[in-house]
Amino acid sequence: SDERFPSGLAQMAKKIRDNGVMAGIWLAPFSVSSQANLAKDHPEWFLNEKGQLKRIPFFSSLVDKLFSDLNFVVPDLSNGGLENFLKKVLRKFVAEGYQMYKLDFLYPICFSNNAAVSQTRAQALRRGVEIIRQIVGPDSYILAAITPLSPLVGLVDSMRLGIDGLVPNFRNFPIIKTYVNNWMLETNLRSCALRAFLNQIVWSGDGDAMVFGGDTGVSQQIIDKHIRFVLDNKLPRWVGDDLSRLTESQWDKLRNVFAN
C-alpha cells in the first residue's frame with residue numbers, strides 16, 4: 001500500500017536488486033477473504049452455493065478454528081473477469097522488477113467443483129498456476145505452499161513440504177507459543193521427511209523458514225533438527241526471525257548456516 005511503502009514497490013524491488021539478490025514477493029492469489037472488497041464488488045468471480053458465496057475455512061495453525069471469521073471465498077478462474085484481474089496484478093509486479101513469487105494458501109481454488117466451466121479440483125489448481133507462470137515467465141522462481149502437490153509438477157521451482165513451522169505472533173504468550181510452535185515445527189518436519197524423496201527430482205523441496213531466535217517457544221533441540229534437515233537435504237534457506245531480536249551468538253549461527 002502507499003501508506004506502508006510510500007516510495008512504491010518498484011523502488012523497493014530496485015533496492016533489493018541493487019544488493020545483488022532477486023526481489024521476491026509473497027502472494028496468496030487464490031485466497032480472498034469473505035470480507036474483502038474484491039468479493040463484495042465482484043461476487044460473480046467466486047463460486048456461489050445456495051444463493052451465497054461459497055466459503056471454506058482458513059487453517060494454518062492449531063488455533064485458527066477458534067476464529068469463525070477466518071474464511072475464504074472460492075475463486076472461479078473459469079470466469080474471464082477474475083482471470084484478467086489476476087493477470088493485471090501479476091503484470092504490475094513483473095514490471096516493478098519482482099522475479100521470485102511465493103504463492104501461498106493455494107488450496108481454496110481446489111474447491112471449484114461447480115465452476116462455470118466443468119473441471120476437476122486438480123485441473124482448477126493447475127490451470128490457476130499455469131496462468132501465473134505464463135505471466136511471470138519461465139525465468140521467474142515460483143515457490144508454492146499450502147497446496148496439493150501433484151497438480152503442480154513441472155510448474156513450480158520449489159514446493160513447501162509441510163505445514164507452517166510456527167506462529168511468530170505467539171511470542172508474547174508463553175504457554176501457547178510453547179505448545180503450538182513445538183507441535184507445528186515437529187509436524188512440519190515429519191511431513192518434510194516423508195516427502196524428501198521428491199526433492200531435486202520434481203522440484204526443490206521447501207521446509208519453511210528456519211528460526212534462530214529463542215523467543216518463539218520452540219525448543220533448541222527442534223530448532224537444530226530443523227536447520228540440520230534443511231542443510232542435509234539442500235533445501236532453500238529462509239530465515240523466519242525478526243532479525244532485530246537476534247543476539248550476537250544467534251547472528252553467528254545464522255551466518256555460519258548461510259556460509260556453508
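The residues of the chain are indexed from 1 along the displayed sequence. We use all heavy atoms of the structure for the numbers below, so side chains are in, but hydrogens, waters and symmetry mates are not.
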Are the charged groups of [X] and [Y] less than 4.0 angstrom apart, N to O?
X: Glu248; Y: Arg255; result: yes
X: Arg171; Y: Asp241; result: no
X: Asp18; Y: Lys15; result: no
X: Lys225; Y: Asp232; result: no
X: Arg127; Y: Glu83; result: yes

Side chains of [X] and [Y] in contact at under 4.5 Å (non-hydrogen atoms):
X: Ile163; Y: Trp183; result: yes
X: Val211; Y: Leu166; result: yes
X: Thr147; Y: Leu152; result: yes
X: Arg17; Y: Gln99; result: yes
X: Phe258; Y: Val239; result: yes
X: Met210; Y: Arg237; result: yes
X: Glu96; Y: Gln11; result: no
X: Arg245; Y: Asp242; result: yes

Backbone of [Y] reached by a side-chain donor or acceptor of [X] within 3.5 Å:
X: Asp208; Y: Gly162; value: no
X: Arg195; Y: Leu161; value: yes
X: Lys234; Y: Asn199; value: no
X: Thr178; Y: Pro174; value: yes
X: Asp104; Y: Ala144; value: no

request  = Take atom NZ of Lys253 as the centre, draw a 6.0 Å sphere, and report whether it contains more than 12 heavy atoms from other residues, nucleotides or ligands.
outcome  = yes
inquiry  = Please check if the number of heavy atoms outside Gln221 that lie under 6.0 Å from its CD is greater than 12.
reply    = no
request  = Given side-chain contact (heavy atoms from CB on, under 4.5 Å), test Leu82 with His42 step by step and report yes or no.
outcome  = CA-CA 9 Å; Leu82 183 55; His42 295 282; over 6 Å; no
query = Please walk me through it: do Arg190 and Glu186 pass salt bridge (Lys or Arg N to Asp or Glu O under 4.0 Å)?
reply = CA-CA 6 Å; Arg190 284 196 297 270; Glu186 283 191 299; 5.2 Å; no
key: Nearest heavy-atom neighbours spanning Asp157 and Arg133   = OD2-NH2, 2.9 Å
request  = Taking all heavy atoms of Phe212 and all of Leu254, pick out the closest pair and write down the distance.
outcome  = CE2-CA, 3.6 Å
message = Evaluate Asn181 against Thr216 for side-chain hydrogen bond (donor to acceptor under 3.5 Å, both in side chains), listing each step before the verdict.
response = CA-CA 7 Å; Asn181 286 343; Thr216 61; 5.1 Å; no
message = Can you classify the ring geometry of Tyr98 versus Phe93 as parallel (below 30°), tilted (30 to 60°) or perpendicular (above 60°)?
response = perpendicular
message = Parallel, tilted or perpendicular: which one describes the rings of Phe173 and Phe170, with boundaries at 30° and 60°?
response = perpendicular
message = For Val202 and Phe197: C-alpha separation, side-chain torsions, deciding distance, then whether side-chain contact (heavy atoms from CB on, under 4.5 Å) applies.
response = CA-CA 10 Å; Val202 294; Phe197 70 96; over 6 Å; no
request  = Please determine if Arg55 forms a cation-pi arrangement with Phe72, meaning its NZ or CZ atom is less than 6.0 Å from the six-membered ring centre and no more than 45° off the ring axis.
outcome  = no
task = Report the C-alpha distance between Trp45 and Leu77 in whole Å, list the side-chain angles of each, state the deciding distance to 0.1 Å, and finish with yes or no for side-chain contact (heavy atoms from CB on, under 4.5 Å).
result = CA-CA 7 Å; Trp45 291 358; Leu77 279 176; over 6 Å; no
request  = Decide salt bridge (Lys or Arg N to Asp or Glu O under 4.0 Å) for Lys54 and Asp76; before the verdict, give the C-alpha distance in whole Å, the side-chain angles of both, and the deciding distance to 0.1 Å.
outcome  = CA-CA 11 Å; Lys54 183 174 182 178; Asp76 181 6; over 6 Å; no
